Undergrad: 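Dumping the structure here so I can ask a few things about it.
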Amino acid sequence: MDRQFVAPEAPSLNAPNRWRGHSGRLRLPDGLPARLGYDAVGMPADIGRRVMKCLPRIGCVFADDQRWWWIVPSGSHIDVAWPSFTSYAVGAHTTDLSACSRLPRLVHHPQDDSPYTPPIPLYFMTCHIAGIRPHWSPEDATGPSQAV
């Protein structure tokens, strides 16, 4: 598969800021309409790298030195209990940017005109890699708790 992937690297202190957003919101590249709105699913960088290798279709992915952020359609958290190690950012407003030593930058640009990674395959692959049983209802006490 031909993927447009660039590994994140540390920006130079003298280089212009690569953060493409404002007020802590991940901003999509120009020309990628988000007609369904968009949220972001964050996960540790090591899991993000593994997920990247396994999914057949990938939308916009942002990364910093600790987390990878996958752009998904708005509402992809409804009735889905994302694993506890993930962060779900409604409106792609990430709250932990100030704690990052490197600001998130785009590391994957989709080949088509959709910014989204399909959330169901992303959810199942994330659970599979982490060895967690997927489940759909946040009320299901036997599975992972819903990430906030």
Side-chain angles (χ1 to χ4, degrees), residues 1-134 136 144-148:
M1 275 180 231
D2 181 37
R3 295 212 175 108
Q4 297 175 0
F5 170 71
V6 179
E9 58 188 50
S12 163
L13 294 176
N14 297 326
N17 189 347
R18 294 179 187 230
W19 169 237
R20 289 186 48 82
H22 54 85
S23 303
R25 184 174 196 214
L26 298 172
R27 183 173 161 233
L28 300 179
D30 294 337
L32 288 178
R35 293 181 182 95
L36 302 174
Y38 67 99
D39 294 342
V41 177
M43 62 187 67
D46 59 329
I47 293 176
R49 285 184 192 91
R50 292 177 64 192
V51 168
M52 177 74 76
K53 293 177 184 176
C54 298
L55 287 178
R57 186 174 177 288
I58 301 169
C60 291
V61 180
F62 293 82
D64 58 38
D65 60 338
Q66 297 175 352
R67 299 192 73 71
W68 283 37
W69 295 94
W70 302 77
I71 300 299
V72 294
S74 290
S76 294
H77 64 301
I78 297 171
D79 290 333
V80 176
W82 287 90
S84 61
F85 60 84
T86 63
S87 302
Y88 193 92
V90 174
H93 289 279
T94 57
T95 58
D96 57 353
L97 290 179
S98 61
C100 299
S101 59
R102 296 184 195 142
L103 299 173
R105 66 182 189 97
L106 187 69
V107 295
H108 183 270
H109 188 290
Q111 293 180 331
D112 59 14
D113 65 350
S114 174
Y116 306 117
T117 295
I120 294 172
L122 176 63
Y123 172 72
F124 278 108
M125 187 55 62
T126 302
C127 289
H128 174 74
I129 287 173
I132 296 172
R133 182 181 60 85
W136 293 107
S145 62
Q146 183 170 357
V148 186

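Only this structure's heavy atoms are used, side chains among them; waters, hydrogens and symmetry mates stay out. Note that the coordinates shown come from a computational prediction; the quantities given were computed from them, not determined experimentally.
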Undergrad: Quick one: does any side-chain atom of D113 pair with a main-chain N or O of L32 as donor and acceptor, under 3.5 Å?
TA: no
Undergrad: Determine the sole option in L55, T86, I71 for which the side chain to side chain contact (heavy atoms under 4.5 Å, CB included) test with L122 is passed.
TA: L55
Undergrad: Keeping Y123 on the side-chain end and S76 on the backbone end, is there a donor-acceptor pair under 3.5 Å?
TA: no
Undergrad: Where do W68 and M52 come nearest, in terms of heavy atoms and distance?
TA: CZ3-CE, 3.5 Å
Undergrad: Angle between ring planes, W82 versus Y88, binned at 30° and 60°: parallel, tilted or perpendicular?
TA: tilted
Undergrad: Atom CE in M43, atom CZ in R50: separation rounded to 0.5 Å?
TA: 11.5 Å
Undergrad: Quick check: closest heavy atoms across S74 and G37, and the distance to 0.1 Å?
TA: OG-C, 3.1 Å
Undergrad: Over all heavy atoms of both residues, which pair between H108 and G59 is shortest? Give the atoms and the distance, please.
TA: ND1-O, 2.8 Å
Undergrad: So with a 6.0 Å cut-off around CG of L36, is the heavy-atom count from everything else above 12?
TA: yes
Undergrad: Test side-chain contact (heavy atoms from CB on, under 4.5 Å) on S114 and R57 and set out the steps.
TA: CA-CA 10 Å; S114 174; R57 186 174 177 288; 3.1 Å; yes
Undergrad: Return yes if a side-chain donor-acceptor contact under 3.5 Å exists between R67 and T94, otherwise no.
TA: no
Undergrad: Begin from the C-alpha positions of F62 and L106 and carry the test side-chain contact (heavy atoms from CB on, under 4.5 Å) through to its verdict.
TA: CA-CA 4 Å; F62 293 82; L106 187 69; 3.9 Å; yes
Undergrad: For the CG atom of L28 and the OH atom of Y116, what is their distance to the nearest 0.5 Å?
TA: 7.5 Å
Undergrad: Show the nearest heavy-atom pair for residues V107 and A63, with the distance to one decimal.
TA: CG1-CB, 3.9 Å
Undergrad: Give the minimum heavy-atom separation between V51 and T126, together with the two atoms involved.
TA: CG2-OG1, 4.1 Å
Undergrad: Considering all heavy atoms of both residues, which atom of G48 and which atom of W70 are nearest to each other, and what is their separation?
TA: O-CZ2, 3.5 Å
